[in-house]
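Here is how names work: the chains are called A, B, and so on, in the same order as the sequence lines, proteins then strands, and each is numbered from 1. Reckoned from all heavy atoms, side chains included, excluding hydrogens, waters and symmetry mates.
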Number of protein chains: 2
Amino acid sequence: MSVAIENFVKAIYKNGKRNNNDTKPGNIAKELGISNAAATDMAKNLATKDLLKYQKYKPLELTDKGTKMALSVIRKHRLWEALLFKLFDMSLHDIHREAELLEHQTSDLLAEKISEYLGNPKFDPHGDPIPNANGEITTSDTSISLSNANEGKSYTISRLMSDDKEFFEFCAQNGLKYGNTLVVSKQFTNNKMTQILINNNTILLNQDFTSIIYVNENN
Amino acid sequence: MSVAIENFVKAIYKNGKRNNNDTKPGNIAKELGISNAAATDMAKNLATKDLLKYQKYKPLELTDKGTKMALSVIRKHRLWEALLFKLFDMSLHDIHREAELLEHQTSDLLAEKISEYLGNPKFDPHGDPIPNANGEITTSDTSISLSNANEGKSYTISRLMSDDKEFFEFCAQNGLKYGNTLVVSKQFTNNKMTQILINNNTILLNQDFTSIIYVNENN
DNA sequence: AAACTTTTTTAAGTTTACTTAAATATTTAT
DNA sequence: ATAAATATTTAAGTAAACTTAAAAAAGTTT
């Protein structure tokens with residue numbers, strides 16, 4: 001199975017997990033930077049390989065086989081991120097970029113070796129869960145989006161759910177890092193803006209950012 | 001530049017460095033497991049990209065640009081081998097196989113990080129020299145092929161120059177490892193067979209193997 | 001509900017990296 | 001030196017993964 005196929009299946013899986021939940025070809029095409037026509041073509045092709053169910057004009061639905069493939073690629077991606085993060089001094093964005101390529105050239109054996117070496121971690125440096133070799137995911141159910149956090153409470157950052165360079169740079173500059181502690185000092189109307197205290201600094205976040213930062217309340 | 005191109009250029013470089021020195025399309029084709037016609041096609045294509053000089057029926061010659069590309073790929077391959085060897089308990093053959101894929105998906109930045117992490121090593125676990133970022137290679141000029149070694153003398157293994165699974169398995173079983181010491185106990189007619197002492201065992205090697213094992217004389 | 005916009009699909013075409021088969025050149029053996 | 005064997009090249013064709021343009025369906029607005 002090719003890189004194009006792995007990325008396609010992964011994009012469907014990821015879009016399926018998001019709020020919008022739109023897995024129609026056009027959305028997948030946008031995600032992958034290819035034309036809508038190419039996405040439709042690929043969808044038909046993958047249907048014959050039993051990786052997804054294709055019905056004209058309907059959202060694409062991964063089969064069990066397709067889901068398994070997506071999770072295998074995601075597992076490899078996150079294991080690479082965890083390994084590169086541990087070994088090298090590189091920005092999260094650079095690490096993400098490297099993992100995006102390495103994930104497709106990694107045997108199951110190597111993935112196991114990486115996992116073992118890291119002590120079979122359940123989360124990568126963004127706090128994204130690492131599926132195990134059977135495709136099972138541990139999700140920390142207690143974590144909430146920072147936009148839903150409460151004023152005056154203290155939280156631990158459990159996930160930075162993004163691939164965006166600017167976001168990572170902002171995080172790096174402001175101490176927003178997996179495992180760090182913050183206090184919500186003020187939530188503005190409709191949680192459109194959130195003021196937080198972190199590393200003795202006060203910072204103001206808009207909803208684009210607070211919606212992709214996940215936290216667990218400290219007790 | 002594609003994986004196919006990187007592998008093509010690498011195959012020419014490697015064949016050029018070997019005794020036979022035959023870089024005609026057919027030889028490269030055999031190395032890569034593609035048809036002669038495909039190799040001729042690719043050669044013409046790469047000539048337009050200034051990676052090699054192509055003249056009908058003549059051996060292929062890499063340009064400076066082509067040589068640089070080959071060395072960059074080889075550098076990444078050997079850095080990966082060194083890293084995987086250090087971190088994981090995997091056979092040299094498995095490590096080679098993984099590196100064969102990873103080498104094409106490694107940014108120069110990541111290569112530098114790996115190199116740094118390993119202390120900028122000059123040799124990989126087979127004893128193959130690792131080109132530096134400028135494509136310069138350190139070669140240990142004092143090393144000779146085991147088939148040219150002298151009876152009764154002691155040597156240190158400096159290189160196991162092969163990609164072959166059976167060879168690596170044989171090496172692993174018999175203590176033939178980069179850095180290990182052996183004594184040549186007998187050279188048979190025309191060096192066709194060599195008897196050596198290693199780890200208190202006597203083993204007999206044919207020329208297929210002694211010609212790809214390189215050693216340095218101990219003083 | 002009709003009109004407009006957007007999305008999806010179909011159709012036709014491109015590029016890369018191959019393939020096989022046949023023609024041609026080179027190399028080897030006698 | 002010529003014939004036979006081998007290797008290289010040319011030609012034609014294929015599959016994967018795209019593209020653009022046009023047609024068709026779906027969704028949105030008034």
What is the distance from [atom1] of [X] to [atom2] of [N], rounded to the nearest Å?
{"X": "A/Ile34", "N": "D/dT20", "atom1": "CD1", "atom2": "P", "value": "12 Å"}
{"X": "B/Lys56", "N": "D/dT9", "atom1": "NZ", "atom2": "P", "value": "8 Å"}
{"X": "B/Asn36", "N": "D/dT10", "atom1": "CG", "atom2": "P", "value": "13 Å"}
{"X": "B/Asn45", "N": "C/dT14", "atom1": "CG", "atom2": "C1'", "value": "15 Å"}
{"X": "A/Glu6", "N": "D/dA16", "atom1": "CD", "atom2": "P", "value": "16 Å"}
{"X": "A/Met1", "N": "D/dA16", "atom1": "CE", "atom2": "P", "value": "11 Å"}
{"X": "A/Lys58", "N": "D/dA25", "atom1": "NZ", "atom2": "C1'", "value": "11 Å"}
{"X": "A/Ile28", "N": "D/dA17", "atom1": "CD1", "atom2": "P", "value": "16 Å"}

Side chain of [X] only, heavy atoms from C-beta on: which candidate in [options] is closest?
{"X": "B/Thr40", "options": "C/dC18, D/dT8, C/dT9", "value": "D/dT8"}
{"X": "B/Ala38", "options": "C/dT19, D/dT19, C/dA17", "value": "C/dT19"}
{"X": "B/Lys24", "options": "C/dT10, D/dT8, C/dT8", "value": "D/dT8"}
{"X": "A/Tyr54", "options": "D/dT9, C/dA17, C/dT9", "value": "C/dT9"}
{"X": "B/Ser35", "options": "C/dT8, D/dA17, C/dT19", "value": "C/dT19"}
{"X": "A/Tyr57", "options": "D/dA25, C/dT10, D/dG27", "value": "D/dA25"}

Which is more 5' along DNA chain C, the nucleotide nearest B/Lys49 or the one nearest B/Ala37? Just name the residue.
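Checking each residue's closest nucleotide, the 5'-ward one belongs to B/Lys49.
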**Verdict with reasoning, A/Glu136 to A/Arg75, per salt bridge (charged side-chain N to carboxylate O under 4.0 Å, His left out)** = CA-CA 10 Å; A/Glu136 292 148 3; A/Arg75 168 175 167 76; over 6 Å; no
Scan A/Lys49, A/His104, A/Lys10 and name whichever one has a side-chain contact (heavy atoms from CB on, under 4.5 Å) with A/Ile5.
->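 Only one option passes, and that is A/Lys49.
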side-chain contact (heavy atoms from CB on, under 4.5 Å) test vs A/Pro125 passes for just one of A/His96, A/Glu81, A/Lys177, A/Lys86, namely A/Glu81
- Compare every heavy atom of B/Pro129 with every heavy atom of B/Arg78, then report the nearest pair and how far apart it is.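 It is NH1-O, 2.6 Å.
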> Do side-chain atoms of B/Thr63 reach the backbone of B/Asp50 as a donor and acceptor pair under 3.5 angstrom?
Replying inline: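 Checked: pair present.
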